[in-house]
Amino acid sequence: MKLLSCIALPLAALAACAPYAPSHLSAGASMADVTRELGSPTGRYALPDGGTRLEFARGPYGRHTYMVDLDAQGRVLQWQQVLTEANFNQVRAGESGEELLRQLGRPSERRSGDWQGGQVWSYRYETLMGLCQWFQVSVNDQQTVTSSAYGIDPRCDVNDKDRSRE
């Protein structure tokens, strides 16, 4: 009986969790269908056509973020996993922080830009080759993107002695 409860509790906990990806959502599904399948969104952004983009940040250290686009009537138009190099390569200096959030969602980490001011927004993501990368965006005090670059995620950098003790 003890063994059965040890197995049943974790299985029940997993069943109560929202699915990781919106794999069962199709065009035309309602916002209620979306939240029933994925849980509460981690962000909401207005789309230019009157629709809404719902953010569902997932994964260890935020390596996946799914965006579900809804039309003005609250019906699903499409969904996609946005933490990809194709999407990162579309980020341009001069765009607003609000637009960046609408494109990529909340960053995995925000920290001070130190002597430059502003902040550095870091997005962890999964690469095809399994490399431990992140994409970083400098956002100035006026909430405008000034630059962006790829780098090694410090949590994976064995040469970073300060992080290796975490």
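Worth saying up front: this structure is predicted, and the values here are computed from it rather than measured.
- Both L101 and V145 sit in one connected hydrophobic cluster of ILVMFWY residues. Membership requires side-chain heavy atoms under 4.5 Å apart, directly or through other members.
- A donor atom on one side chain and an acceptor atom on the other are found under 3.5 Å apart for Y150 and N89.
- Not a single donor-acceptor pair under 3.5 Å links the side chain of S147 to the backbone N or O of S138.
- The ring-ring contact (aromatic ring centres under 6.0 Å, His included) test with H64 singles out one residue from F56, Y20, Y123, and that residue is Y20.
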Next on the checklist: Walk me through whether V91 and F135 qualify under side-chain contact (heavy atoms from CB on, under 4.5 Å).
Outcome noted: CA-CA 10 Å; V91 172; F135 179 70; 4.1 Å; yes
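- Residues L38 and V76 fall within the same hydrophobic cluster, defined by Ile, Leu, Val, Met, Phe, Trp and Tyr side chains chained together at heavy-atom separations under 4.5 Å.
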Checklist entry - Given Q143 and E98, is the side-chain contact (heavy atoms from CB on, under 4.5 Å) satisfied, shown in steps? => result CA-CA 8 Å; Q143 293 297 293; E98 182 180 316; over 6 Å; no
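- Under the side chain to side chain donor-acceptor pair (under 3.5 Å) rule, D69 has a single partner from R53, Q80, R75, which is R53.
- W79 approaches S23 most closely through the heavy-atom pair CZ2-CA, 4.0 Å.
- With R102 contributing its side chain and L47 its backbone, the two residues share no donor-acceptor pair below 3.5 Å.
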Next on the checklist: Determine whether E55 and T65 satisfy the following criterion, side-chain contact (heavy atoms from CB on, under 4.5 Å), listing intermediate values before the conclusion.
Outcome noted: CA-CA 7 Å; E55 167 194 297; T65 296; 3.8 Å; yes
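- When all heavy atoms of M67 and L104 are compared, the closest pair comes out as CE-C, 3.8 Å.
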Checklist entry - Are R63 and Y125 close enough, and set up right, to give a side-chain contact (heavy atoms from CB on, under 4.5 Å), and what steps lead you there? => result CA-CA 4 Å; R63 293 187 191 275; Y125 69 102; 5.5 Å; no
